[in-house]
Student: 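The structure under discussion is supplied below as structure tokens; questions concerning it will follow.
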Amino acid sequence: MFKKGSKINSIFTGSCPRCQNESMYSDKNPLHLTKVLKMNENCSHCGLKYQIEPSFFYGAMYVSYGLNVAVGIAAFIVSFVFFKATIEQSFIAIVVTLILLFPFVLRLSRNLYINMFISYDPKAGQK
């Protein structure tokens with residue numbers, strides 16, 4: 001399931017969706033907040049241009065919105081149902097969770113979005 005060649009591998013590792021041999025990001029650590037969106041121009045292995053067209057990753061904002069809604073709902077359910085928090089405490093739990101997970105959701109949304117358009121090619125980058 002997480003093997004090279006699967007979409008899940010590319011999505012969760014942030015690797016090139018075509019060859020899955022290198023990271024799309026110049027800094028692999030999403031906790032370096034000043035570099036969270038810095039991406040390489042091309043894959044050095046297969047040559048895939050990550051910015052397929054101008055403003056390509058604007059579409060990832062919609063994916064990010066969906067992921068944030070899912071994370072917010074999950075935070076509410078965990079805090080309200082399992083920890084028996086009040087509505088106000090559950091709201092605070094949602095806000096704190098979204099702030100803490102922001103860099104991960106941001107990258108995950110970009111990874112999901114580019115993987116919607118580009119598929120794995122085992123022959124990509126071979127010489």
Student: Write down the atom of L31, the atom of P103, and the distance for their closest heavy-atom approach.
Tutor: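 In this case the closest contact between L31 and P103 is CD2-CG, 4.3 Å.
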Student: Could you check, using the six-membered ring where one of them is a Trp, whether Y50 and F57 have ring centers closer than 6.0 angstrom?
Tutor: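 No.
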Student: Starting from Y113, can I reach I8 by hopping between I/L/V/M/F/W/Y residues whose side chains sit under 4.5 Å apart?
Tutor: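 They do share one cluster, since a chain of ILVMFWY contacts under 4.5 Å joins I8 to Y113.
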Student: Identify all side-chain donor-acceptor contacts of residues 60-82 below 3.5 Å with residues at least two apart in sequence or on another chain.
Tutor:
unit_1 : atom_1 : unit_2 : atom_2 : d
S64    : OG     : N68    : ND2    : 3.4
N68    : ND2    : S64    : O      : 3.1
S79    : OG     : A75    : O      : 3.0
S79    : OG     : F76    : O      : 3.1
S79    : OG     : S90    : OG     : 3.2

Student: Would you compute the distance between atom CD1 of I114 and atom SG of C16 and round it to the nearest 0.5 angstrom?
Tutor: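 If we round to the nearest 0.5 Å, I114:CD1 and C16:SG are 7.5 Å apart.
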Student: Does the side-chain contact (heavy atoms from CB on, under 4.5 Å) test come out yes or no for K7 and S119, once each step is laid out?
Tutor: CA-CA 8 Å; K7 292 264 186 202; S119 297; 3.8 Å; yes
Student: Go through it in stages, so that I can follow the logic: the residues are C43 and R18, the test is side-chain contact (heavy atoms from CB on, under 4.5 Å), and I'd like the CA-CA distance, side-chain angles, deciding distance and then a yes or no.
Tutor: CA-CA 9 Å; C43 175; R18 183 183 292 157; over 6 Å; no
Student: Under 6.0 Å from the NZ atom of K49, do we count more than 12 heavy atoms belonging to anything else shown?
Tutor: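 Incorrect, the count does not exceed 12.
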Student: Test of understanding: clusters of I, L, V, M, F, W, Y form through side-chain heavy atoms closer than 4.5 Å, transitively. Do Y25 and V36 belong to the same one?
Tutor: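 Shared cluster, no.
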Student: Please name the residue in the list I118, N42, D121 that meets the side chain to side chain contact (heavy atoms under 4.5 Å, CB included) test with L48.
Tutor: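 Result for side chain to side chain contact (heavy atoms under 4.5 Å, CB included) with L48: I118.
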Student: Looking only at side chains, do N29 and K35 share a donor and an acceptor under 3.5 Å apart?
Tutor: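 Distance-only check fails for N29 and K35.
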Student: With distance as the sole test, does Q20 use its side chain to make a donor-acceptor pair with the main-chain N or O of N9 at under 3.5 Å?
Tutor: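 Side chain of Q20 to backbone of N9, a donor-acceptor pair under 3.5 Å: no, none is there.
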Student: Find out whether M24 and P17 are in side-chain contact, i.e. whether some heavy atom of one side chain is under 4.5 Å from a heavy atom of the other.
Tutor: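 Heavy-atom side-chain distance check passes, below 4.5 Å.
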Student: Within this structure, what is the SG-NZ distance for the pair C46 and K123, rounded to the nearest 0.5 Å?
Tutor: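 Rounded to the nearest 0.5 Å, the SG-NZ separation comes out at 15.0 Å.
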Student: Are the side chain of S10 and the backbone of S15 linked by a donor-acceptor contact shorter than 3.5 Å?
Tutor: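 Present.
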Student: Using 0.5 Å steps for rounding, measure from the CG atom of D27 to the CG atom of L33.
Tutor: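 It is 10.5 Å, given to the nearest 0.5 Å.
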Student: Indicate if V95 and I92 have the same hydrophobic cluster label, given that clusters are the connected sets of ILVMFWY residues with side-chain heavy-atom separations under 4.5 angstrom.
Tutor: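 Unlinked, V95 and I92 end up in two clusters.
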Student: Dump the intermediate steps for side-chain contact (heavy atoms from CB on, under 4.5 Å) on K28 and T13, then the final yes or no.
Tutor: CA-CA 9 Å; K28 289 184 180 183; T13 61; over 6 Å; no
Student: Would a single hydrophobic cluster contain both V105 and L37, if residues Ile, Leu, Val, Met, Phe, Trp and Tyr are joined by side-chain heavy-atom contacts under 4.5 Å?
Tutor: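 No: no chain of side-chain contacts under 4.5 Å links L37 to V105.
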Student: Atom CE in M39, atom OG in S26: separation rounded to 0.5 Å?
Tutor: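 If we round to the nearest 0.5 Å, M39:CE and S26:OG are 9.0 Å apart.
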Student: Over 60° means perpendicular and under 30° means parallel, so tell me whether F117 and F56 are parallel, tilted or perpendicular.
Tutor: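 It falls in the perpendicular class, over 60°.
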Student: Can you tell me how far apart CG (L106) and CG (N111) are? Round to the nearest 0.5 Å.
Tutor: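 Nearest 0.5 Å value for the CG-CG distance: 9.5 Å.
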Student: Within a strict 4.5 Å, meaning less than it, do heavy atoms of the T86 and F91 side chains meet?
Tutor: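 Answer no - side chains too far apart.
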Student: To the nearest 0.5 Å, tell me how far Q89 CD sits from F83 CZ.
Tutor: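 Taking CD in Q89 and CZ in F83, the distance rounds to 12.0 Å.
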Student: Please check if the number of heavy atoms outside Y120 that lie under 6.0 Å from its OH is greater than 12.
Tutor: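 Enclosed.
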